[in-house]
Every structure is written in structure tokens, then in C-alpha cells.
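All remarks here apply to the structure that follows.
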Amino acid sequence: MKLTARSHVTILLPVKATSREQFAAEELKKYLKLLLRCEVALASDEARPDGPAFLIGGPERNAQSVRYLTAEEFRTTVPGPEGMLIRALDADTVLLAGSSWHVGECERGTIYAVYEFLERYCGCVLAAYSHPHADAGEIVPHMDALELDGAEYCKPSADRPYRTAIVQYEDAAGNPKRDLNIPFFDWLVKNRYNRFLTWTSVYEYFKKSGLLPEFERRGIRFTVGHHESSRLFLPAHGNEYFPEHYYETHPEYFKLQSDGTRFHNTDHWGQWIYCTRNESMIREVAKNIIEWVAENPAVDVLALWPNDGMAEQCTCPACAKYSKVENYCYFINSVAKLVNKVHPHLRFDMLIYVDLWDCPEGLSLEPSILVDEATWHNSGLRTTGKKDGSSLSGTHFEENLLKWKKTGAKVVYYDYYMGIYGVRQRWLPMADEVQAIWKNFIDKGISGAGTQIETFNLWNHLLNFYTFGRTGYDTSLTVEDTVTAVASLCGKAAPVVKEILLTGEALVDGQLPLHKCATLLMENIDKQAIYAAYERAFSLADTPRARNNLRLLRMVFRYSDLEVQEEASRDKKYDRIKENYVDARGEMGFMTRFDSFWKNNPGYGIAFPLKSEEKNFVPDKWYLFE
């Protein structure tokens, strides 16, 4: 197949195409028109086009695909889940298809096949996003012709099934009403994230604002609850789903505190808030979950997490006999047994962190439970940066998680590839470590991981977030692969950007816990050499978009440099950012013009969590976006 601007291309979908197959076809059409400026039409698989055609879906989905391979041949080639196949079938036909017969995979493989085709054969770079009106983000070249004879690529299945964005907006749940939501959702599916874990209130906003179909179209599944699950399923003063004021009608459902009062749950703090051994409470929570899930079919995993923080558990005689983690296990196991009788495919995400940690001896958990261990023990956070992944693999974090695996549950990590909240926006490239950790998951039977993402801080940790999603899907990727992809956002400046990224990678090697490593990096890197490299890169960048992308990457480095210098801005115990900065020149204050996390303006997907006046800072070329 050869395509040019004069080509009339037809994209053939199954007659009864799913929303994901329709989305895949629409995305292919959009990008082909951008690449070649050719005519592209969508049609059902009943059509017989005269000219080049792309088939969306394998033979079990698309009647045209059956002409070239059987359903059995396709399943053998792409067993899935989430496998994909790109194949030139003849001189005028290319197949883009993914596995579709596994529960919950939602034809994501077909969507991935489209994006893989655009990157592998068309030169697109889909590693970043920005506001659609900003000349930044992904690269889509203009082509005179596209030759596809002999094109073939197959990824039989995803290497790890659980690749999750753990998403919040501002402090806690925050306000998810953002212009960048759709570009962010697009970026997730383009880069192989398959799950969106978030707060109840964020999910409710998506539902009420009509955004849930956008997730469905992209095949992204939901985990809902977070530190708000208690207020959802046992609200102290009622909510829109459950009007009963449980604190008034059943105060005994909440933990008995040492002062003799019952815990009053009004926000997401307080850690384990239930009187866990109250069987009536367990039945009530299960009943409410059964009702809620029936109304919210987009959710297939509930994050039945404790509230945030550390606090005493229930002191009643029944609960006091057991440890806090034993009581948590009893609760979630009991609820799972009751709910799965009605919703057998629903899973329950169980958060293990700080002092809810050690796996009780002899424990057996329901197979529907997913143990989600945060890399944050009450003794501290894990270290960061070991190239062989040994800041996590082989540590007490992994040892504990594998003990939980023996209970019969699936196990995953909750990790922090943006740093922890408070120091999350400082530059800290760690692609080599991310890749080594994912490879270890296969050997140990760990299902995957989620990375916390405070939207929108994509550019602050672009290499980490990109590497996380891509390597979770395909562990054969190398650091060269992911660093090259991110650097390619800067056009002809890519070789210099690779040099910058790899310099940062080399400096952090497990010396300190996660919340201190970005400071270590900025205090030891040759800053003048990095700034000089950015100047060289700027002279090489050949388009406004490449230069704007370079500006965003450099701004993250510049912010990290200035912020770490401000000794008065850091709490030494936790190395957390405070609100006020000295910022004598006002440069950091000027950066907030580009912030998309706090201000949502103008929407580049970058974040600077600070409050500082602009003063008299005069912007130079690094802040004058084209």
C-alpha cells in the first residue's frame, strides 16, 4: 500500500462496532488527514472499497478480516489480553486489530494498534500533550507519501495487566473541572495506561459532566473510592446515594475512641474509622456497595481504602483483640464475600501502607481482592534510582508484598514516579529504574503498579510517566527507547535532549529516600553544563513546536534549580514545599503563567506548586512561547 495526498482511504469497521472500535477508527482518520492531507472515509465491513483500506478489528469482529485469516489463526497470533496486530494483508489492505475476548480488556489492543501504527510507520511522537490551542505536545509530521508494503508488527499480549494512573486534582480530590481533561485521557491510552484510580468526588464530576463516555471510548477502566470510600458507602450525614445519617442512626458503626466517643467522619482523615467487627455495619456497607455498583457499571474495582493519615483503631472489646491490619483484612474480606455473590466480577482494592502493613500470619483473602502496597512504610519511603530496580525489588517492600500474594490475592504497588506530594514537581528522571522494576514484576508474579499523578504535572515528570505506561505494557523496551521517544518531541534537538535526560538519570542511584532524591540531584548536577546544553538544543530545534517543547522541559529544570536553592522554603523534616518563596527576581512567580495544575492556564500540562510574586522579572526566549 502506498498513500499520498491524492489517496482516497477507507477505514472499515465491524457492522456492530463497539465505542472503542469507533474511537480507534476516528483516531486513525484524524491522524491520516494530518499526516497526508488525504481523503479518509469510515464505512462498515459490508462495503467493498475500491482503493486503500484499513480494517479495524480481527476476524472475530470484522467480516473483511476473515478473508485473510481465521479467528483461530488470529487468536493463536494475538492471544491477549490487550494484544495487537498490524499487518499489510495485500497491496491495498492493512489490518489494525487487537484481542477482544477477555473480560474487561475492551478492545484496547485495537486502539493500541492504531497508535503503534502511527508511531512505528508514520513517525508520530505521542509522548506528551498540551492544550489543543497551544503549539506544544505530540509531533505529527507532514508526509508526501507513506509506503506500507510488508508492514507487520505483533505484540501478543500486555506484559503486565495492571497499569494505573492514580489521579487527583490539587490537594486531595480537588476540582477536576479542567480544560486539559480530554488531552490527558488521550495521553493515558496512547501510552498504554489501562486504569484510572481516583477519588469518589472526581468520579462523580466525570459522571455528572458527561465525561464517562470518553473513558469508555478509550477502554479505560475505573477504580473508585480512594480516601473517600468511607464517606461514599457509610456517610455520617447522608449523601445523594444513601440519605441515611449513619452517625445519628448507627453511631456504633464507627470506631470507639479511647475517650469514649464514636469517631465522627466528616472528611478524608482519620485512617481506619469503622468498628470493624460490627457485623451489622459490614452488611450495611455491602448492601450499599451492591446498590451503587448496579448504578455505576463503569467501575469494576472499588478502592476500599482507609481514610488518610495514621490514627488509633476502634477500642471496643471485639476490635481491640486484633491489630489494625487484621481488622482491616476482616472487614474487606467480609464485604467482598457478600458483594461478589451479586457482582462476581467486582474487585476490591486494599491499600497497604504506613502502619497498615504487615501481612497477618495464616491469612486467606478472597480472590477478588487486590492488595495495593504503597512504597511508604511508617519507617519511611523507599529509596530511588537504582538502575537494577533494587531500590524496590528485593527490599522489605517486596518481601512484604509477596507475603500478601500468598494469601490468594493479586498484588500491585502504589508508587510515586513524580515524587511524593509536596516535592512532587522537582525534576527526577528515573527511566532505568522504572524499567528494571517492571521486568522484575514478571518473575515475581506481581500484577503491576499505579503511579500517583497530580494532574497536570506531565512535563515535570514526562520521562517517568511515559516510561511507566509503555514499559508496563512492553517490558522489552530499553532506556534508549523511552529516552529517544521523549527527546524526539524536540525535533532536531533530540540528541542534545537525550544527553540532558541521561545525565539526570546517572546521578541518582539509591542514595536517599524518594522525597529527598530530587534535592540530591539538583545539588550535584553540573547546572551550567545543563543550561549550556539547553542553549545548544535551542539552536538545533527546527520548528516552533519543538522549541516550545524544549522550553517546557527546560522550565522544569529551571524551577527545580531555583526551588531547591530556597533553603527557607523547605521543611527540613519532610523536605516539603511551603507556600511562600523568597524568589527575589520573581522568575518562579512568572512560571506560574504556564501552570496547568493550580491555574489551568494556559494548559500546557506543567505544574509549579508555589506562591510567589512576579515582581520585575523580564522574560527571555525561554518564556516567550511561539
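At least one side-chain heavy atom of Ile289 sits under 4.5 Å from a side-chain heavy atom of Leu346. Under the 4.5 Å side-chain criterion, counting only non-hydrogen atoms from C-beta, Val15 is in contact with Asp45. Inter-residue side-chain proximity for Leu96 and Glu116 is flagged as unmet; no heavy-atom pair is nearer than 4.5 Å. Two residues are said to be in side-chain contact when any heavy atoms from C-beta on lie closer than 4.5 Å; Asp349 and Leu302 fail this criterion. Proximity of Ile56 to Leu12: side-chain heavy atoms (C-beta onward) are nowhere separated by under 4.5 Å. Using a 4.5 Å heavy-atom threshold, the side chains of Ile446 and Leu401 count as touching. Contact check for Val224 versus Trp199: no side-chain heavy atoms found under the 4.5 Å cut-off. Within the 4.5 Å cutoff, the side chain of Ser44 has no heavy atoms near those of the Leu13 side chain.
Remark: the backbone N or O of Asn181 is not paired with any side-chain donor or acceptor of Asp186 at under 3.5 angstrom. Listed for the Ser157 side chain is no donor-acceptor partner under 3.5 Å among the backbone atoms of Glu82. Listed for the Ser596 side chain is a donor-acceptor partner under 3.5 Å among the backbone atoms of Gly605. With Arg61 contributing its side chain and Lys16 its backbone, the two residues share a donor-acceptor pair below 3.5 Å. Counting only distance, with no hydrogens or angles, the side chain of Asn296 and the backbone of Trp292 share a donor-acceptor pair below 3.5 Å. Although no hydrogens or angles enter the test, the distance criterion places a donor-acceptor pair under 3.5 Å between the side chain of Thr18 and the main chain of Glu21. Counting only distance, with no hydrogens or angles, the side chain of Arg163 and the backbone of Arg192 share a donor-acceptor pair below 3.5 Å. Checking side-chain atoms of Asp355 against main-chain N and O of Asn378 turns up no donor-acceptor pair under 3.5 Å. Although no hydrogens or angles enter the test, the distance criterion places a donor-acceptor pair under 3.5 Å between the side chain of Ser65 and the main chain of Gly57. When atom types are taken as modelled, the side chain of Arg382 and the backbone of Leu514 share no donor-acceptor pair closer than 3.5 angstrom.
Distance OG/Ser280 to CG/Asn278: 5.5 Å, rounded to 0.5 Å. We find the CG-OH distance between Leu126 and Tyr466 to be 8.0 Å, quoted to the nearest 0.5 Å. Interatomic distance, Ile273 CD1 to Gln257 CD, rounded to the nearest 0.5 Å: 10.5 Å. Taken to the nearest 0.5 Å, the CD atom of Gln313 stands 4.5 Å off from the CG atom of Asn327.
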**OP:** Show your reasoning for whether ring-ring contact (aromatic ring centres under 6.0 Å, His included) applies to Tyr414 and Trp305.
**Re:** CA-CA 12 Å; Tyr414 180 143; Trp305 293 2; 5.7 Å; yes
Original post:
After noting the C-alpha distance and the side-chain angles of Tyr274 and Phe263, does the key distance pass the ring-ring contact (aromatic ring centres under 6.0 Å, His included) rule?
Top reply: CA-CA 8 Å; Tyr274 296 126; Phe263 182 80; 9.8 Å; no
Original post:
Should His227 and Trp269 be marked as a side-chain contact (heavy atoms from CB on, under 4.5 Å) after you check the CA-CA gap, both sets of side-chain angles, and the distance that decides it?
Top reply: CA-CA 8 Å; His227 294 308; Trp269 294 98; over 6 Å; no
Subject >> Verdict with supporting geometry, Tyr112 and Tyr473, ring-ring contact (aromatic ring centres under 6.0 Å, His included) >> reply: CA-CA 10 Å; Tyr112 297 162; Tyr473 179 76; 5.2 Å; yes
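Between Trp272 and Tyr328, the angle of the ring planes lies from 30° to 60°, which puts this pair in the tilted group. Using the six-membered ring where Trp is involved, Tyr417 and Phe468 have ring planes that are tilted, between 30° and 60° apart.
Among residues at least two apart or in separate chains, side chain to side chain donor-acceptor pair (under 3.5 Å) pairs with a member in residues 366-375 are Asn340-Ser368, Glu373-Asn400, Thr375-Asp415. The stretch residues 279-293 participates, sequence neighbours left out, in these salt bridge (charged side-chain N to carboxylate O under 4.0 Å, His left out) pairs: Glu284-Lys287, Lys287-Glu291.
Take Phe206 and apply the ring-ring contact (aromatic ring centres under 6.0 Å, His included) test, not counting sequence neighbours, and it matches Phe185, Phe196, Phe215. Annotation: ring-ring contact (aromatic ring centres under 6.0 Å, His included) contacts of Phe184 (sequence neighbours excluded): Phe456. Scanning for ring-ring contact (aromatic ring centres under 6.0 Å, His included) contacts around Phe441 gives Tyr413, Trp438, with sequence neighbours left out. Considering only residues two or more places apart in sequence or on other chains, His264 meets the ring-ring contact (aromatic ring centres under 6.0 Å, His included) condition with His237, Tyr247.
A salt bridge does not link Asp443 with Lys439: every distance from a Lys NZ or Arg NE/NH1/NH2 to an Asp or Glu carboxylate oxygen is 4.0 Å or more. Taking a cutoff of 4.0 Å between a charged side-chain nitrogen and a carboxylate oxygen, Glu252 and Arg262 do not qualify as a salt bridge. The residues Glu214 and Arg217 are annotated as salt-bridged, a charged nitrogen and a carboxylate oxygen being separated by less than 4.0 angstrom.
Across every non-hydrogen atom of Val189 and Arg218, the tightest pair is CG2-O, 3.4 Å. The shortest non-hydrogen separation linking Asn307 to Tyr353 is O-OH, 3.8 Å. The minimum heavy-atom distance linking Asn460 with Ala607 is given by the pair ND2-O, 2.7 Å. Of all the heavy atoms in Ile453 and Ala165, the pair that sits closest is CD1-CB, 3.9 Å. Taking both residues in full, the closest heavy atoms of Ala409 and Leu365 are given as CB-CD1, 4.0 Å, listed atom of the first, atom of the second, then distance. When all heavy atoms of Ala24 and Thr110 are compared, the pair lying nearest together is CB-CG2, 4.2 Å.
Paired with Ser201 under the rule side chain to side chain donor-acceptor pair (under 3.5 Å), one option of Glu228, Arg231, His268, Gln168 passes, and it is Glu228. Among Glu26, Glu27, Glu107, Glu105, the one residue that satisfies the salt bridge (Lys or Arg N to Asp or Glu O under 4.0 Å) test with Arg20 is Glu107.
In summary, the aromatic rings of Trp187 and Tyr193 are positioned with their centroids under 6.0 Å apart. Annotation: Tyr246 is not in aromatic contact with Phe254 [ring centroid separation under 6.0 Å not met]. A ring-centre distance under 6.0 Å is not found for Tyr330 and Tyr322.
Residue-environment remark: CD (Glu248) exceeds the threshold of 12 foreign heavy atoms within 6.0 Å. Residue Lys410 qualifies as open at atom NZ: its count of foreign heavy atoms under 6.0 Å is 12 or below. Heavy atoms from other residues, nucleotides or ligands lying under 6.0 Å from NZ of Lys406 number 12 at most.
Thr475 and Asp159 form a side-chain donor-acceptor contact under 3.5 Å, judged by distance and modelled atom types alone.
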